[in-house]
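Below: one structure, written as structure tokens.
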Amino acid sequence: MDASTSSPARIVSGRSSRFAAMQMDLGNLVSMLLPPLPLLWFGGSMLVYALHRHHPDPRVGRYTQHAAYRFYGVMGAIIPVGTFFPGRGITSWLIAWGIGLAVIVPWSLWSMIRIRREDWPDIVLPDRNPSAEEA
């Protein structure tokens, strides 16, 4: 097979990898800063997690997984505990939201700072469809 018929190498840019690593933390921040969004982000975050957990750069998966641990840990504590909040008062939910903010916001900001400080080189991916001669 000559070079003119071979498919071009697929490249994942370092910039793309860095942004992918920050997406879960960005979603966590936005969802926690706007009170009704955590429940919507709970579903959306599963999609982001599935897309980025097995990224070609393993650091993207690691950062995504850690951001998911934080968000699901906070939500996993608030929702069952909230079942026992008294009456229809909003005070207990605001306190829970404040605790979630206190955990998610600084930790996500710190994670994004670490991501931005790292060097993210471009990744050249091997061709998925080798020719019959190469196989």
Side-chain angles (χ1 to χ4, degrees):
M1 182 165 160
D2 65 351
S4 64
T5 60
S6 67
S7 62
R10 295 180 314 145
I11 297 175
V12 178
S13 72
R15 184 176 181 175
S16 170
S17 295
R18 182 179 64 213
F19 181 67
M22 290 191 324
Q23 281 182 348
M24 190 76 167
D25 282 309
L26 286 169
N28 289 351
L29 280 175
V30 170
S31 73
M32 291 307 289
L33 292 174
L34 301 170
L37 289 183
L39 293 177
L40 294 174
W41 176 239
F42 195 81
S45 67
M46 291 179 201
L47 175 65
V48 171
Y49 183 87
L51 289 171
H52 297 314
R53 182 59 186 102
H54 298 288
H55 190 277
D57 188 332
R59 295 177 298 169
V60 172
R62 190 179 69 241
Y63 279 116
T64 299
Q65 186 173 17
H66 287 224
Y69 286 164
R70 291 189 292 272
F71 182 73
Y72 299 141
V74 166
M75 293 303 288
I78 288 175
I79 291 175
V81 170
T83 303
F84 300 103
F85 287 166
R88 295 180 175 246
I90 194 167
T91 305
S92 300
W93 286 106
L94 288 175
I95 291 170
W97 176 57
I99 292 169
L101 280 173
V103 172
I104 295 292
V105 171
W107 214 341
S108 291
L109 289 172
W110 174 245
S111 178
M112 288 190 305
I113 289 169
R114 285 188 359 229
I115 290 167
R116 300 246 344 141
R117 286 181 181 168
E118 282 194 38
D119 182 36
W120 294 86
D122 293 347
I123 299 173
V124 178
L125 300 176
D127 185 18
R128 279 198 236 184
N129 301 322
S131 68
E133 295 171 0
E134 296 173 10

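Just so you know, these numbers come straight off a predicted model, no measurement behind them. By convention here, the first residue in the shown sequence is residue 1.
A pairwise comparison of heavy atoms in Ile115 and Ala21 identifies CD1-O, 3.4 Å as the closest pair. For Ser31 against Pro38, the heavy-atom pair with the smallest separation is O-CD, 3.0 Å. The two residues Ser13 and Asp122 have their closest heavy-atom pair at CA-OD1, 3.2 Å. Counting all heavy atoms, side chain and backbone alike, Leu125 lies closest to Pro56 at CD2-CB, 3.6 Å. Summarising the geometry of Ala67 relative to Asn28, their closest heavy-atom pair is O-ND2, 3.2 Å, with the distance given to 0.1 Å.
There is a path of hydrophobic side-chain contacts, each under 4.5 Å, that joins Leu26 to Tyr72. Linking ILVMFWY side-chain heavy atoms closer than 4.5 Å, directly or via other members, places Ile95 and Leu34 in two distinct hydrophobic clusters. Cluster membership check: Phe42 shares its hydrophobic cluster with Leu33, using side-chain heavy-atom separations under 4.5 Å among Ile, Leu, Val, Met, Phe, Trp and Tyr. In terms of hydrophobic clustering, with Ile, Leu, Val, Met, Phe, Trp and Tyr side chains grouped at heavy-atom distances under 4.5 Å, Phe19 and Val48 are assigned to a common cluster. In the hydrophobic clustering of this structure, Ile90 groups with Met32; members are Ile, Leu, Val, Met, Phe, Trp, Tyr whose side-chain heavy atoms approach within less than 4.5 Å, directly or through other members.
When side chains are defined from C-beta on, Ile79 counts as touching Leu39, because their heavy atoms get closer than 4.5 Å. Side-chain atoms of Leu37 and Leu40, non-hydrogen and from C-beta on, do get closer than 4.5 Å to each other. With contacts defined as side-chain heavy-atom distances shorter than 4.5 Å, the pair Arg70/Met24 does not qualify.
Once rounded to the nearest 0.5 Å, the distance linking CZ of Phe71 with CG of Leu29 reads 11.0 Å. From Ser45, atom OG reaches atom CE of Met75 across 9.0 Å, with rounding to the nearest 0.5 Å. A distance of 10.5 Å separates CZ of Arg18 from CZ of Arg59, quoted to the nearest 0.5 Å. We find the CE-CD1 distance between Met22 and Ile113 to be 11.0 Å, quoted to the nearest 0.5 Å.
Relative orientation of the Tyr63 and Trp120 rings is tilted, given thresholds of 30° and 60° on the angle between their planes. Ring geometry, Phe85 versus Trp93: the interplanar angle exceeds 60°, so the pair is classed perpendicular (tilted spans 30 to 60°).
Applying the salt bridge (charged side-chain N to carboxylate O under 4.0 Å, His left out) test to every pair with at least one member in residues 42-54, sequence neighbours left out, gives no pairs at all. The salt bridge (charged side-chain N to carboxylate O under 4.0 Å, His left out) contacts involving residues 26-51 comprise nothing, where partners must be two or more places apart or lie in separate chains. Sorted by first then second residue, the salt bridge (charged side-chain N to carboxylate O under 4.0 Å, His left out) pairs that include residues 33-50, not counting sequence neighbours, number zero.
Residues that satisfy the side-chain hydrogen bond (donor to acceptor under 3.5 Å, both in side chains) test with His55, not counting sequence neighbours, are absent from this structure. Among residues two or more places apart in sequence or in another chain, the side-chain hydrogen bond (donor to acceptor under 3.5 Å, both in side chains) test is passed with Arg114 by none.
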Table please: side-chain donor-acceptor pairs of residues 100-112 below 3.5 Å, with sequence neighbours left out.
residue, atom, partner, partner atom, Å
Ser108, OG, Asp25, OD1, 3.3
Ser108, OG, Ile104, O, 3.0
Ser111, OG, Asp25, OD2, 2.8

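Judged by distance alone, with hydrogens and angles left aside, the side-chain atoms of Ser16 form no donor-acceptor pair with the main-chain N or O of Val12 at under 3.5 Å.
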